[in-house]
Amino acid sequence: MTALSLSLVVPWAAGLVLALLDGRRRLVGWVAVCVLGANLGALVVLAAAVLPDDPVVVTTGNWPAGVGITLRADALGVLFALLSSLALLSATVFEVLEGVRERTFPGLVVLLAAGLTGVFVTGDLFNFYVFFELAMTAGYVLATYGGGRRELGAALVFTTVNLLGTFIFLLSVAGVYHVTGTLEMSGIAARMDEVDANAAVLLAAGFFVAFSVKLGLFPFHFWLPTVYTGARPAVAAILSGGLANIGAYGLLRFGGELLPGELDLAAGALIVIGSASILYGGVLAVSRRTASEMLAYSAIGQVGYVLVAIGVGGPVGFAAAILYTVVNALNKTLLFLTAQMRGALAGATFALGALSVAGVPPAAGFVGKLELFRATAGSPALVALFVLGSALSFVYAFQTYQYDFWRGERRGRRSSAPSRASSPRSRSSSSRWACGRSRCSR
Amino acid sequence: MLALAQDELKQILAHSTISQYGYVVTLYGIGGATAAGAATLYVLAHAIAKSALFMTAGAVTVATGESKLSRLGGLRRRMPALAVASGVAAATLAALPLTLGFSKDELFFAAATEHGRAVQLLAVGAAALTVAYIGRFWLGLFTGPLQTQPSAPVPPLLLAPIVVLGALAVVGGIVVEPFARLAEDAAAATYAGPLEVAPAYHAELGSENRMALAAWALGALILVVPRVRAPLVGAFARAGERAGPRRWYALSLLWLNRVSDWAHDREVRDLRNSIAAVLVPAAVLIAIALAVTPTRGSYEVGPVALGDLPIIVLLGLGALAAVTAARDRGRLQPVLALSVLGFALAGVYAMVGAPDVALVAVLVETVLAYVFVGVFARLPPATVRRPRRRARNAVIGAAAGASAFAAIWGALSRPTATTGVAAEHIERAPEAHGGDVVTVILADFRGLDTMVEVTVLAVAVVGVASLLSRGRAW
Amino acid sequence: MSLLFALAAAVLFGTGAYLLLDRDLVRVVFGVVLVSQAAVLTLVASGLTRGAAPIYPLSRGPVSDPLSQAMALTAIVIGLAVTALLLVLVLRVVQAYRSEELAEVAVREAEREARLERLHEREHAEEEAAAR
Amino acid sequence: MSVILEVVCPRLLGPAAMVAAAIIVKGYSDVGDGFSAGVVVALAVALRYVTLGAERAERSLPVLRHAPVLAVAGLLLVLAIGFFPVAFGEPPLTHFPRAGEPVVEIGALELTTAVALDVGIFLLVAGALVETIHQIARLVEERRA
């Protein structure tokens, strides 16, 4: 219980104080990093308690469950919380190293961490909504980070589309409260069986739309490339590696736990939408020449796999979906951060992330793909789809890698051709950070 | 198979990848438990080996500046570690014994044997070719006379993963355990009951050694005896010139890029279409949901009493104000209409026994009007141009409204759950020393919600300050 | 009654959606206000037990659902927060692009992207030439 | 009209503060809570801004300059009240005195930690909204300048 409370209250309080300070100062940035580290630490302690035993359940104010708000940290939630915290931490370290440009950045990231942690450890529907809004609002402000035209335009699209999504979510929350009379998730799950099919399916559709918008699944994805390419790399990493997890988590939590019957009913539709996402994202990513744009489309394709796995369902399908989400979030964080850098280390890291996206071992992405293959082994069509998707991701990942990094190497070689003794790599690696800072030749 | 004729390092590997994925598809095509297991293992082994080889190609290119096989060679002495590591990887791909690759081919052959002689022959042929092109890749790189002097040592950062991968291939083990454990636990949380997510693969040796031997022998033959290789490759290359897979491959890549570009050009990127792309599919989903579920008896008008007339009037006024706000193209008039809407709704809330909500609605409406008017001072006046695509927007808006109507009415038609927690809230309010149950809920029962809610307000204000004065609060 | 509340909420949502699709960015903000009002109305309607205000001492007879009111209050506040934020964001976008017309913002973005694309194509061609 | 505004509006702050205090005190047994109290105060401040202009309003009432700090202090108070029970092994948001225990009463006000929570919310809302009003007012004045 203490770890659970600490993981919430530490970033929450610290974020507010940080928001008052000038975040451009290095010290403030590092304090934010420490707070995020503390958050991660508390979550690790929590995970250590949750994973072997039962979930940690606390109801606020000593009231009976349902009257008070139930906070429930189970394996699924803690896993997602850890993952998001890690993504935020790495993005912040990256940005602090590069030099923070706006006063409010560190405070907002830390508050975003508080909101995300809350989303993943709450066991109450409306509490989920408010934490969700906290994380999203911090995200809206962060999307403007940098303050240039591109960032503002991207932030506008991000904010408006996602606001629409959250209001649709709120409408569904109201409906669920009306038909079940409770807000506590386990209570809802128990009472949902008695609700007749029509209302339940309509509410489920509302939740699905809301989370699909967050995830950027195929028909709902149009905001995503604009935003991910328009935002600064650290922010893109935060949005895709941290905030987007809400979508996958929501589909798993709401589909798997609250509305399992509706999920079964919609399995076919989920698989179709997921497949469309895989193909669409993969095909569009192929001809993109800038790394961030490729990554944006790749993100659309990658969440398609998650959706297909959820649609396949069953323990194996769910495990595959979870695993794939974890791997995908890590990949995206890594790639968005390294895509703007140059040099051997950045290149190698990017290659590693790209391998992971393509599902090549020992990169983690392979494990995710393997699970997917296991989950869908029964259906040749899906396996063929996955093979095709993998091939596409292989093509686009390496095309971008070649364009961005090998070209960089060659360019470095040409410019230092007269003195062959001085290795081009040492040159580029020494200018690695300097180059990353100036947004590299874009 | 085209890999044999290629000179560019990465092209060799790329072609080989295609053929290897071909194996996997073949395996799934063969079907059955053996084949499925084999396919999994194949993906695994191939991926380890192939990434090691790709990195080898990268490392060699980085070190020498050359990427053509014919201009490379004899690097064995210069890069011993690389040679050994990538040799192991190549051996894996070629399915030599003592590597992970051996068992993968073993299974492949086993699966093929189940399906008769023709498949068997095909399998042997394919495996032989693999041996040949991988052998050519490795031998060409590391043996023979030194062709191009490496200008720099292989960077350890590039070398390390290759060595690790090579070691991995030899051990034949994989590092999925922690991940699998994590996934197991997490999946068990959403799913009642334990499950097993251990990646299992079968490494037992079958009686297919003869096929393997044949494949190696054939492969080595192709590799070592140029006279065998030359006509084979030559024929293939000639075929390739005309209609062969080489051109087909390049064409397909080109075509893929074209399709991709085409789709990208047609993709909508602006805000309006992004929103339409949420609303329209949502409406379609709702419509599908309505179509597939029985609706008989699930919609109710609900009781209406004469005393409800003021509520009905206010709701009507609100709807009218909303329509006015949508129709008027000025700046201040819509804000006025929105205020009317806000006050009308506040009246409704007051009448249905929600005075707290009514009070806050009025207050918030006033603050919002202040913000709107303040921001309008800096906005250019509205253009009165007639908008294009007004009809389209109206249709989408109507569809969104209709689907919202169906969903909301559907939910509201259910009788209120009589055993809801609200009853317990009312009952327990005195225990929390409070009289106004709504306030008690906000400050006590569900105080956490309120805490988050005011934090959202704080974050939004931080955002306003950040946007208007670069984060300076005062 | 449930029909009427649903109808009113749907009208708000529909007009909100219509405004969200407008080219004028300020009207998009109006749309968000309307959609959020629709959500609040639905929240209140979801607890529509049609009784007295839930304030002690309780009158006899039915009492309104306090929980849905609490949720509606929270939703109103959050609606205010995000609307103010969005409005200021729109102001900054209008100032940055010197246009409140969405279409123009989109056109400028497209132009910028096309420029970037051409630049990359050219760079790539140069690379190819240099490699040969 | 404008004379009335100039004379009346600045003097509204006192009554508004009174109303806000009343709302908080009565909040637990009647309509209203910390949030509405905060908005009432902020609206009175807004009136001052409108009539006096940002410059004069802030000079005449220096406490306004500390609105952001006030807001954060309020939220920290809220967090402290919400989470301090954890230190004693109780779940978060446990309020004292607990159900059934006697309460110190000052008139209509019952002293519980929940009231302190409400005060924190009041501070935050008032501070945050005043900050918004300040930003908007500055925006308008820049245009006039």
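In what follows, chains are A, B, ... by sequence order, proteins preceding strands, each numbered from 1. Side chains included, hydrogens not; waters and symmetry mates left out as well; all remaining heavy atoms used.
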Item checked: Stepwise side chain to side chain contact (heavy atoms under 4.5 Å, CB included) check, B:Leu341 with C:Leu12 -> CA-CA 10 Å; B:Leu341 164 66; C:Leu12 296 189; 3.8 Å; yes
Checklist line | Stepwise salt bridge (charged side-chain N to carboxylate O under 4.0 Å, His left out) check, B:Asp328 with C:Arg27 | finding: CA-CA 10 Å; B:Asp328 199 301; C:Arg27 288 166 70 74; over 6 Å; no
Next item on the list: Kindly indicate, with the supporting measurements, whether the criterion side chain to side chain contact (heavy atoms under 4.5 Å, CB included) is fulfilled by B:Leu368 and B:Val335.
Entry: CA-CA 9 Å; B:Leu368 203 56; B:Val335 173; over 6 Å; no
Check: Could you go step by step and tell me if C:Asp22 and B:Arg329 meet the salt bridge (charged side-chain N to carboxylate O under 4.0 Å, His left out) rule?
Finding: CA-CA 10 Å; C:Asp22 206 285; B:Arg329 297 202 64 82; 3.3 Å; yes
Margin query: If you apply the rule side chain to side chain contact (heavy atoms under 4.5 Å, CB included), what do you find for B:Asp449 with B:Arg446, and how did you get there?
Written below: CA-CA 6 Å; B:Asp449 280 350; B:Arg446 302 184 64 85; 2.9 Å; yes
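Within the 4.5 angstrom heavy-atom criterion, only side-chain atoms of C:Leu19, from C-beta onward, approach chain B. Both the backbone and the side chain of B:Ala319 come within contact range of chain C, each with at least one heavy atom under 4.5 Å from a heavy atom of that chain. C:Leu89 touches chain B through backbone and side chain together, each having a heavy atom under 4.5 Å away. Residue contact with chain B, scored on non-hydrogen atoms closer than 4.5 Å, involves the backbone and the side chain of C:Val40 alike. The part of C:Ala8 that comes within reach of chain B is its side chain, from C-beta onward, which places non-hydrogen atoms under 4.5 angstrom from that chain.
The aromatic rings of B:Phe372 and B:Phe376 sit tilted relative to each other, their planes meeting at an angle between 30° and 60°.
Nearest heavy-atom pair, C:Thr42 versus C:Ala9, reported as atom, atom and distance to 0.1 Å: OG1-CB, 3.7 Å. Considering every non-hydrogen atom in both B:Val357 and C:Leu73, the closest pair reads CA-CD2, 3.7 Å.
Across C:Ala6, C:Gly14, C:Ala84, the residue that shares the most heavy-atom pairs under 4.5 angstrom with chain B is C:Ala6. Contacts with chain B were tallied for C:Val82, C:Leu41, C:Val11, C:Thr83; C:Leu41 has the most, counting heavy-atom pairs under 4.5 Å. Between chain C and the options B:Leu279, B:Val360, B:Ile426, heavy-atom pairs under 4.5 Å are most frequent for B:Ile426. In terms of heavy-atom pairs under 4.5 angstrom with chain C, the leader among B:Val454, B:Val456, B:Val348 is B:Val456. Considering only heavy-atom pairs separated by less than 4.5 Å from chain B, the leading option among C:Val44, C:Leu86, C:Leu67 is C:Leu67. Heavy-atom pairs under 4.5 Å with chain C were tallied for B:Ala404, B:Ala276, B:Gly316, B:Ala322; the largest tally goes to B:Ala322.
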